[in-house]
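The first residue in the sequence is number 1, and the count goes up from there.
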Amino acid sequence: MLDSISKRNAARSEFGFTLIEMLVTLALLGFAALLLLQGLAVASNVAERERTQSTDLSETIAAQRVLRSSIERLRPVRRIDSSTPIIEFRGTAGVVTYVGPPLDRDAPDVLQRFRLTRTASGDLVLYSASILKENVDRSGTDLVGWSPNTILHGVTDLEVSYLGAGPNGGERGWQDRWWDRPSPPDLIRIRVSFQDGDHRTWPDLVIRPHATMRAGCRVDVFTGRCEIDQ
């Protein structure tokens, strides 16, 4: 009889030990599952952050490519309403107006006037208008007749600088104004700022216009070529 009781107690001990093991195992599995879920959540957040950063980077790169392509190809069209040899290029710290070939999506076409500025709503816009249009404001803020080409949204500040000799042959350096000159600046630097919390970055965009002004240069509005007056 004692042997029978001992066997039953031993069986109960084995059963109780197995149950504890099962509970511990379940607890460990639950903890492992929790860690796995947390790891997946972190990985998802990292992937989403990388996708966002990649999208932001692609957006700024695309904007810089548009501006570089357009400004590099600007044409030194001479103003016909001036007795002095000046070109149609006017730039301040916040607005740049120049003449160049149409954007790639609009080609082929005659030369266009372009105006880069930041709108009150925070958009970086490159306005364009055919050089053959006479009812467009060339130097003021009236944008009637201009077609908007929005490059970026959420821009808080636009700062443009121009490298070259100062007015009337002054010292060469970066200036915040290039107005009624006989040639374009040597370099044009464009800086863009975003609002706090915006993860986008804008490396300084420095552009060297290919065009140079030659004495007696006349630019054909259809071909964009510089010809020498006879």
request  = Begin with the C-alpha distance, continue with both residues' side-chain angles, and end with the deciding distance and a verdict on side chain to side chain contact (heavy atoms under 4.5 Å, CB included) for Val160 and Leu158.
outcome  = CA-CA 7 Å; Val160 187; Leu158 169 65; 4.0 Å; yes

query = Got a sec, which residues hit ring pair (Phe, Tyr, Trp, His ring centres under 6.0 Å) with Tyr98, two or more places apart in sequence or on another chain?
reply = Phe114

message = Using side chain to side chain contact (heavy atoms under 4.5 Å, CB included), reason through Val192 and Leu124 one step at a time and then give a plain yes or no.
response = CA-CA 9 Å; Val192 169; Leu124 186 65; 4.1 Å; yes

Validation row: [X], [Y] side chains within 4.5 angstrom (heavy atoms):
X: Asp123; Y: Leu152; value: no
X: Arg115; Y: Leu126; value: no
X: Gln64; Y: Pro203; value: yes
X: Val95; Y: Leu116; value: no
X: Phe89; Y: Val99; value: no
X: Leu74; Y: Pro184; value: yes
X: Ile151; Y: Val125; value: no
X: Leu205; Y: Leu67; value: yes

Mind checking side chain to side chain donor-acceptor pair (under 3.5 Å) for [X] and listing every partner two or more places apart, or none if nothing turns up?
X: Thr150; answer: none
X: Gln175; answer: Arg181
X: Asp176; answer: none

Taking all atoms of both residues into account, what is the closest heavy-atom pair of [X] and [Y], and its distance?
X: Val155; Y: Arg118; value: O-NE, 2.6 Å
X: Pro102; Y: Arg73; value: O-NH2, 3.6 Å
X: Gly154; Y: Phe194; value: O-CD2, 3.5 Å
X: Asn149; Y: Ser147; value: ND2-O, 3.4 Å
X: Gly145; Y: Ala129; value: O-CB, 3.8 Å
X: Thr156; Y: Gln195; value: CG2-N, 3.3 Å

By salt bridge (Lys or Arg N to Asp or Glu O under 4.0 Å) - contacts of [X] (at least two apart):
X: Asp204; answer: Arg191
X: Arg68; answer: Glu72
X: Asp157; answer: none

query = Hey, are Thr97 and Arg90 close enough side-chain-wise for a donor-acceptor pair under 3.5 Å?
reply = no

query = Do any N or O atoms from the side chain of Trp178 and from the backbone of Ser183 form a donor-acceptor pair under 3.5 angstrom?
reply = yes

task = Kindly say whether Glu88 contributes a backbone atom to a donor-acceptor pair with the side chain of Arg79 at under 3.5 angstrom?
result = no

request  = Look up atom CZ in Arg75 and atom CZ in Arg113, then write down how far apart they are to the nearest 0.5 Å.
outcome  = 15.0 Å

query = Roughly how far, to the nearest 0.5 Å, is the OH atom of Tyr162 from the CD1 atom of Ile188?
reply = 7.0 Å

Contacts of type side-chain contact (heavy atoms from CB on, under 4.5 Å), residue [X], not counting sequence neighbours:
X: Arg65; answer: Ile61
X: Leu163; answer: Arg172, Trp174, Leu187
X: Ser130; answer: Val110, Gln112, Leu132, Lys133
X: Arg177; answer: Thr92, Trp179

note = Tracing side-chain contacts under 4.5 Å among Ile, Leu, Val, Met, Phe, Trp and Tyr outward from Val144 reaches none

task = Mark yes when over 12 heavy atoms from residues, nucleotides or ligands other than Arg208 sit less than 6.0 Å from its CZ; otherwise mark no.
result = no

